[in-house]
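Structure first, commentary second.
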Amino acid sequence: STANGLATYGSASTIVAESTATYDGTTLQLTQSGGGLKLDNLSSADANTLDDYEEGTFTLSILCASGTIDSTATFAYTKVGRLVTIGGLHVNGAVTTPSGNTKISGLPFATMSGATARPVGNAIIGGYSGSVTHSLALVSGESETTAWIYEAQGVIQGERWQASTESQYTLTYQTSA
């Protein structure tokens with residue numbers, strides 16, 4: 001009944017459901033509210049319907065047990081269903097006697113609760129006191145918007161951070177949202 005419409009017919013003269021779709025030559029857009037994209041004739045369970053895709057930015061900061069690491073950075077994220085991937089570059093401003101375990105804070109969605117989907121990501125850090133001789137990792141617990149910054153010997157300590165320390169992070173994790 002509408003241009004660019006999609007309809008499901010119960011008979012030759014009865015429309016069961018109707019939605020609006022537009023295609024501009026590169027993008028197919030479905031405009032029916034509350035729906036999703038169902039792929040490959042999968043069952044009707046919600047887990048098989050692509051119903052959430054989002055891209056955006058968020059503010060990431062570095063926290064330590066005491067003292068301060070004064071800076072924040074804008075990072076990018078992509079969320080497909082419950083899977084979130086973040087990434088970006090962080091450059092410290094001033095530091096005031098930072099000490100203790102350090103972590104990144106401000107993840108755009110809380111990590112999933114339970115032990116089945118604990119996130120682990122990668123980090124690269126340069127321009128700080130000491131050296132890292134092993135790979136760095138980001139590790140988070142359940143239902144958190146933070147991730148600890150680990151090296152082989154444990155969580156990186158705040159004392160090692162300096163003004164202008166640069167760090168890059170990539171983290172993929174599952175969320176309940």
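Not measured: the values here are computed from a predicted model.
Listed for the Asn122 side chain is no donor-acceptor partner under 3.5 Å among the backbone atoms of Thr170.
Through side-chain heavy atoms spaced under 4.5 Å, either directly or across other Ile, Leu, Val, Met, Phe, Trp or Tyr residues, Val91 is tied to Leu89.
Aromatic rings of Tyr173 and Phe109 (six-membered ring for Trp) have centroids beyond the 6.0 Å cut-off, not under it.
Here the NZ-OG1 distance, from Lys79 to Thr85, works out to 11.5 Å after rounding to the nearest 0.5 Å. Distance check: Tyr77 OH to Thr172 OG1 gives 14.5 Å after rounding to the nearest 0.5 Å. Remark: Ser61 OG to Phe75 CZ distance equals 10.0 Å, nearest 0.5 Å. Separation of atoms CD1 (Ile86) and OG1 (Thr57) is listed at 12.5 Å; rounding is to 0.5 Å. Note that CD of Glu142 is 11.0 Å distant from CE of Met112, once rounded to the nearest 0.5 Å. Note that the CD atom of Gln168 and the CD1 atom of Ile125 stand 10.5 Å from one another [nearest 0.5 Å].
The shortest side-chain heavy-atom distance between His90 and Leu60 falls under the 4.5 Å cut-off. Under the 4.5 Å side-chain criterion, counting only non-hydrogen atoms from C-beta, Leu138 is in contact with Tyr169. Within the 4.5 Å cutoff, the side chain of Leu63 has no heavy atoms near those of the Thr102 side chain. Between Leu107 and Leu171 the shortest side-chain heavy-atom distance falls below 4.5 Å. Contact of the Ser167 side chain with the Ile62 side chain is registered, since non-hydrogen atoms from C-beta on lie closer than 4.5 Å. Contact check for Glu159 versus Pro98: no side-chain heavy atoms found under the 4.5 Å cut-off.
Considering only residues two or more places apart in sequence or on other chains, Ser140 meets the side chain to side chain contact (heavy atoms under 4.5 Å, CB included) condition with Thr111, Pro119, Glu144, Ala147. Remark: Thr78 engages Tyr53, Glu55, Val80 in a side chain to side chain contact (heavy atoms under 4.5 Å, CB included) (not counting sequence neighbours).
In terms of heavy atoms, Gly67 sits closest to Cys64 at O-SG, 3.6 Å. Contact record, Lys103 with Thr146: CD-CB, 3.9 Å, taken as the closest heavy-atom pair. The two residues Phe58 and Gly106 have their closest heavy-atom pair at CD1-O, 2.9 Å.
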Apply side-chain contact (heavy atoms from CB on, under 4.5 Å) to residues Gln157 and Ser99 and explain how you reach the verdict. CA-CA 6 Å; Gln157 298 299 297; Ser99 65; over 6 Å; no
